[in-house]
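Single-structure report; data block below.
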Protein chains: 2
Amino acid sequence: MDIRSTLKLDNQLCFAVYACSREITKLYQPLLRELGLTYTQYITMLALWEEDHVSVKHLGQRLYLDSGTLTPLLKKLEHLQLITRERDKQDERSVIIALTEQGVQLQERALNIPEKLFCQVGVPTRQLDALRTQLTEIMNKVQLIPQNP
Amino acid sequence: MDIRSTLKLDNQLCFAVYACSREITKLYQPLLRELGLTYTQYITMLALWEEDHVSVKHLGQRLYLDSGTLTPLLKKLEHLQLITRERDKQDERSVIIALTEQGVQLQERALNIPEKLFCQVGVPTRQLDALRTQLTEIMNKVQLIPQNP
DNA sequence: ACCGATTCAATTGCATGCAATTTATTTGAG
DNA sequence: CTCAAATAAATTGCATGCAATTGAATCGGT
């Protein structure tokens with residue numbers, strides 16, 4: 001087999017994941033626009049609806065995002081009055097993120113989003129679950145790889 | 001089942017794809033740094049190594065990127081002397097991207113990247129191929145969904 | 001208690017992504 | 001042929017992502 005075929009775009013898992021991620025994000029846009037959220041803001045709200053009153057660090061570990069991305073994003077959500085940001089009294093280094101009443105209530109308007117997406121894409125649940133499981137497995141493998149530092 | 005469980009982060013295929021994409025990109029970073037390329041620049045070079053002398057529009061369709069992203073990125077690759085950008089003589093609206101000699105030769109130094117990544121992640125080829133196939137299927141389904149305009 | 005190492009969030013700088021608009025060029029209906 | 005519509009790239013503006021650095025607070029060994 002030609003060694004160059006290993007560099008073909010359609011043979012790259014990385015490209016399939018990368019392109020798929022962006023296309024899926026675009027699919028969410030019109031639904032999220034109704035909530036006044038961007039995709040990353042939506043993902044952040046998902047995490048907070050599951051677990052409220054968490055530190056920026058904890059949120060970052062959950063979302064695989066660092067403070068460089070989260071700090072401005074959380075300031076935006078604060079400005080939208082969906083969350084509050086307060087220094088942890090026990091450890092002033094940490095900032096605790098908490099949902100406001102508006103933030104809690106927004107979940108009601110988000111409840112039908114997964115169903116709408118599912119209907120649009122039209123792929124069986126079993127297949128979606130299998131895909132998600134495999135991606136999670138890859139994630140876990142990648143996590144174990146020692147990084148440079 | 002609790003309807004709210006459909007909003008759980010770990011149940012979202014979108015989040016799995018989104019997070020996995022970013023983690024995989026990070027895995028490429030140290031290898032691409034040796035070539036002096038960013039991840040998106042690398043993906044663009046992959047497309048050009050397969051098919052040279054293509055328009056920005058064609059490249060965009062291949063990579064699922066628009067001119068807003070590609071124009072500055074291609075200018076950067078031009079500055080790195082890996083490609084040239086020239087107006088199409090037959091249709092002055094188009095810009096034709098072509099590899100320079102340096103751009104062609106860079107492929108040699110990229111040939112071992114897929115193998116290195118494969119060894120790092122340690123997931124069987126069969127599984128990676130299956131994953132890629134499923135992602136491609138989702139991509140195709142998503143492509144068929146009529147967009148707002 | 002002290003102080004160097006560590007931790008956490010914020011900041012800075014750079015590179016995407018993409019919607020929306022603009023500019024230049026081409027197309028095509030009449 | 002002519003001009004409005006369509007097309008391609010570039011530009012603008014905004015929102016990420018993330019590496020690297022900074023600043024404030026805490027930890028921990030002595």
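Letters A, B, ... mirror the listed sequences (proteins, then strands); counts begin at 1. All values below were derived from every heavy atom in this structure, side-chain atoms included, with hydrogens, water molecules and symmetry-related copies excluded. Everything quoted here is computed from the prediction, not taken from an experiment.
Note on Lys75(A): a side-chain N or O is less than 4.0 Å away from OP1 or OP2 of dT11(C). Side-chain N/O atoms of Thr38(B) include one lying less than 4.0 angstrom from OP1 or OP2 on dT16(C). Considering only side-chain N and O atoms, Tyr18(B) lies under 4.0 angstrom from the phosphate OP1 or OP2 of dG17(D).
For Asp91(B), counting side-chain heavy atoms from C-beta on, the closest listed nucleotide (dG17(C), dT26(C), dT11(C)) is dT26(C). In this structure, the nucleotide among dA9(C), dA9(D), dT26(C) sitting nearest to the side chain of Glu92(B) is dT26(C).
The pair Asp129(A)-Arg132(A) counts as a salt bridge, with a side-chain nitrogen and a carboxylate oxygen less than 4.0 angstrom apart. Remark: Glu34(B) does not engage Arg109(B) in a salt bridge, criterion side-chain N to carboxylate O under 4.0 Å.
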Would you tabulate the pairs of protein nitrogen or oxygen atoms and nucleotide nitrogen or oxygen atoms of nucleotides 21-24 of chain D closer than 3.5 angstrom?
none

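Distance check, rounded to the nearest 0.5 Å: NE2 of His58(A) to CD1 of Ile97(A) gives 12.0 Å. For the atom pair SG of Cys14(A) and OH of Tyr42(B), the computed distance is 6.0 Å after rounding to the nearest 0.5 Å.
dC18(C) atom C1' lies 8 Å from atom CD of Gln29(A), rounded to whole Å.
Looking at Gln143(B) and Glu23(A), their side chains do bring a donor and an acceptor atom within 3.5 Å of each other.
Figure legend: cation-pi geometry between Arg22(B) and Tyr18(B), with NZ or CZ positioned under 6.0 Å from the six-membered ring centre and within 45° of its axis.
Using a 4.0 Å heavy-atom cutoff across all strands shown, Leu70(A) reaches no nucleic acid atom at all.
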